[in-house]
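Worksheet: the structure to be examined is printed underneath.
Reckoned from all heavy atoms, side chains included, excluding hydrogens, waters and symmetry mates. Below, chain A is the first sequence line, B the second, and so on; all start at residue 1.
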2 protein chains.
Amino acid sequence: MNTPFSIIIADDHSMFLDGLTSILAEEKSINIILTAKTGTQVLKYLRINTDEKIDLVITDINMPEMDGVELNAAIKAEFPKIKTLVVSMLEDAKKIKILTEANANGYISKNAEKAELLKAIKSILEGQNYFSPRIKQILMEAMFSAKSEPEISLSKRETEVLKLIAQEFTTQEIADQLFLSKHTIESYRKNLISKLGVRNLAGLTRYAVEKGMLE
Amino acid sequence: MNTPFSIIIADDHSMFLDGLTSILAEEKSINIILTAKTGTQVLKYLRINTDEKIDLVITDINMPEMDGVELNAAIKAEFPKIKTLVVSMLEDAKKIKILTEANANGYISKNAEKAELLKAIKSILEGQNYFSPRIKQILMEAMFSAKSEPEISLSKRETEVLKLIAQEFTTQEIADQLFLSKHTIESYRKNLISKLGVRNLAGLTRYAVEKGMLE
DNA sequence: CTCAATATCACGGTTTTCCGTGAAAACAAA
DNA sequence: TTTGTTTTCACGGAAAACCGTGATATTGAG
C-alpha cells in the first residue's frame, strides 16, 4: 500500500469544512493535514512547515482575506509541486478562466456529487487535471461570448473621474479635488460617454453603480 | 434507549448535502430519511408518506423552485408537528425575521461549527427552539434600524418618471412618452431630488439602480 | 365633506452638461 | 525609435438640468 496523500482544505464556512472533512475521513488513502478558513492561513502553514509534503489543497473561491483565486496563484508561485482543486458555489466563467490560466489542477462546483468530488481528487492526485464537462462547456461559451464583448477598459484617471461623477460631484468640484482644469474633466466626461456607449450622466452613473465601483 | 429521530435535509448543493449527511450519520440517535435539493421534493415526500413520522426538516434558504422560507411556511401549515431548522449562507435579517414569525424552530449560519449544529438539532428535538446569540443580535439590530429609516415612499408617477430618468431619457423625451408637459416632468425631477436627498441626476440614477428599480 | 397628498402645468434665470474640434506633453509598448 | 495611449488643457455654442416660486385639479382617506 502506498503512503496516504496529504491534503489541506480551505473554506470559510465551518459547516461545509466539517462536512468535507467528514466525507474525506472515510477515505483511507487521504490524510487531512489542515482545515482553514482563509487563504492566508493556508499559506502561513505552508511557509512554516516547508518540510511537510502536501499533495493537494482544496479551496473555495469566496473567502475573506485571500480568496481561492489568489490562494491558487500564490501556491503555484511558491509551491509549484502542490496540486490545487477549486470548489465553488457559482460557476463563474471569468474566474474559471483565470484559474485555468493560473494552472489550477481542477475545478468543481458545490453542486457536484460526492462521487464526482472523489473522482476529481483521485484524478488530480494521479497527476491528471480535472474539469467537469459542465465546466469545460462554460469555459468554451465564455471564450466565444468574450469576443462579442469589446472589453471596455478604463484608465486609472478615467476610473477616478467616473467614480466622482457618479457621486454627484460637478465638473468644477472634481477639477478642484484633483487639482485639474475643468476642461480636463470635461474631456473625461466626453470620453467616458462615448467609450461606455451611454448618453449622459445617468448612463455614466448606472455603469459605475452596476460595476460596483462605489465603495 | 429511545427510538432514533427521523430527519429530512434539503439543500441544492450536493456537496453540502453529502457533507451534512456524513456528519449526521455518525450520530446514532439520528436517522436521515431523505435528502432533497428543492423544497418541493420535501413537500411531495411528506404528502405521500403521511404515515411516516418525521421529526425535523433541516433546510437551506437559497434553493431553486421553493426556497427555505417558503418550505418552512408550507411545513408549518400542513404538518405543524414537524420541527424545522434553517441553515443559511448569509445572515439576512429580513429573512430571519420572516422565519421567526413563521415559527421556524431554529436558524444557524453555515459559518457555525459542527458542534453548534449538533447542539441546535438536539435542542430542537427536545422541544426547544434554537437561535444563536449572533442571530438574536442581528434580529434586534434589524428591529431598531428599521425604525430609524424614515422609509421614503414614492408615488406611482414618481417611480415611473424616476425609472425613465435613470434610463437616460431627457425631460423632454419623458414628457413625450407620458403625454405630459415638460414642466410637469421638471416638477417631478425637483421633488425627487429633494425627496431622496440627492444633488442631481447622478444621485437619482444611483438611487434607482441601488433599489433595483431597473430590471 | 374636508384635508392632505398627488398630479398636473407655467416661467424666467442660472448652472451644468453635452458636443465638436483641437492640441501638446508624458509615457509605455513594440 | 516610432507609434499608440494616457493625461492634460482650451473655446464656443447648444442643450439640458437645476432652482425658485408659483398655481389648479383630482383624489383618496378620515
Side-chain angles (χ1 to χ4, degrees), chain A residues 98 101 146-214, chain B residues 146-214:
Chain A
I98 293 171
E101 283 164 2
K147 277 169 192 162
S148 64
E149 266 180 49
E151 189 77 21
I152 302 164
S153 77
L154 300 181
S155 70
K156 261 188 190 172
R157 259 302 197 226
E158 284 173 332
T159 307
E160 194 177 13
V161 172
L162 177 55
K163 275 187 198 170
L164 293 170
I165 288 175
Q167 277 165 31
E168 304 179 67
F169 292 108
T170 68
T171 295
Q172 187 60 61
E173 288 168 344
I174 297 171
D176 293 345
Q177 273 186 59
L178 303 181
F179 302 105
L180 294 174
S181 156
K182 74 169 187 171
H183 300 294
T184 305
I185 306 301
E186 281 199 28
S187 286
Y188 280 113
R189 277 193 110 99
K190 274 182 290 192
N191 282 334
L192 286 166
I193 284 176
S194 73
K195 218 169 183 176
L196 303 179
V198 298
R199 290 181 62 190
N200 58 24
L201 177 50
L204 292 178
T205 307
R206 213 176 143 185
Y207 181 92
V209 177
E210 283 173 352
K211 292 287 174 182
M213 296 174 66
L214 313 174
Chain B
K147 278 170 193 163
S148 67
E149 266 181 49
E151 192 74 19
I152 302 163
S153 77
L154 300 181
S155 71
K156 261 188 191 173
R157 259 302 195 224
E158 285 173 332
T159 307
E160 195 177 12
V161 172
L162 177 54
K163 274 188 198 170
L164 292 169
I165 287 174
Q167 276 165 32
E168 304 179 67
F169 292 107
T170 68
T171 295
Q172 187 60 62
E173 287 167 346
I174 296 171
D176 293 345
Q177 273 186 61
L178 302 182
F179 304 105
L180 294 173
S181 155
K182 73 167 189 173
H183 299 297
T184 306
I185 307 302
E186 281 200 28
S187 286
Y188 280 114
R189 279 194 108 100
K190 273 182 288 193
N191 282 335
L192 285 166
I193 285 176
S194 74
K195 217 168 183 177
L196 303 179
V198 299
R199 291 181 63 190
N200 59 22
L201 177 51
L204 293 178
T205 307
R206 212 176 143 185
Y207 182 91
V209 177
E210 284 173 352
K211 292 288 175 182
M213 298 174 66
L214 294 358

Given side chains that start at C-beta, do those of Leu164(A) and Glu173(A) come closer than 4.5 Å, heavy atoms only? no
Drop me the distance from Leu204(A)'s CG to Ile193(A)'s CD1, to the nearest 0.5 angstrom. 5.0 Å
Is any side-chain heavy atom of Ile165(A) closer than 4.5 Å to one of Leu201(A)? yes
For a 4.0 angstrom threshold against heavy atoms of chain B, report the outermost contacting nucleotides of DNA chain C in 5' to 3' order. dT6(C) to dC11(C)
Met213(B) and Thr159(B): side chain to side chain contact (heavy atoms under 4.5 Å, CB included), yes or no, with the steps? CA-CA 8 Å; Met213(B) 298 174 66; Thr159(B) 307; 3.3 Å; yes
Distance-minimising heavy-atom pair for Ile174(B) and Val161(B): CD1-O, 4.3 Å
In residues 173-192 of chain B, which ones come under 4.0 Å of DNA chain C, going by heavy atoms? Leu180(B), Ser181(B), His183(B), Thr184(B), Ser187(B), Tyr188(B), Lys190(B)
If you look only at distance, which donor and acceptor atoms sit under 3.5 Å apart when one is on a side chain in residues 176-188 of chain A and the other is two or more places apart or in another chain?
unit_1: Asp176(A); atom_1: OD1; unit_2: Gln172(A); atom_2: NE2; d: 3.2
unit_1: Ser181(A); atom_1: OG; unit_2: His183(A); atom_2: N; d: 2.9
unit_1: Ser187(A); atom_1: OG; unit_2: His183(A); atom_2: O; d: 3.4

Return yes if some donor-acceptor pair links the side-chain N/O of Glu210(A) with the main-chain N/O of Tyr207(A) below 3.5 Å, else return no. no
Counting distance only, does the side-chain N/O of Glu168(A) pair as donor-acceptor with the main-chain N or O of Arg199(B) below 3.5 Å? yes
Just to verify, what does Ser155(B) make a side-chain hydrogen bond (donor to acceptor under 3.5 Å, both in side chains) with, not counting sequence neighbours? Glu158(B)
Is there a residue in residues 155-172 of chain A whose heavy atoms reach under 4.0 Å of DNA chain D, and which residues are they? Ser155(A), Lys156(A), Arg157(A)
Do Val209(A) and Thr205(A) have side chains that get closer than 4.5 Å, going by heavy atoms? yes
Please round to the nearest 0.5 Å and tell me the distance separating atom CD of Glu160(A) and atom CG of Leu154(A). 12.5 Å
Can you pull every protein N or O that's under 3.5 Å from an N or O on nucleotides 28-30 of chain D?
none

If you define the side chain from C-beta out and look only at heavy atoms, does anything of Leu196(B) sit under 4.5 Å from Leu162(B)? yes
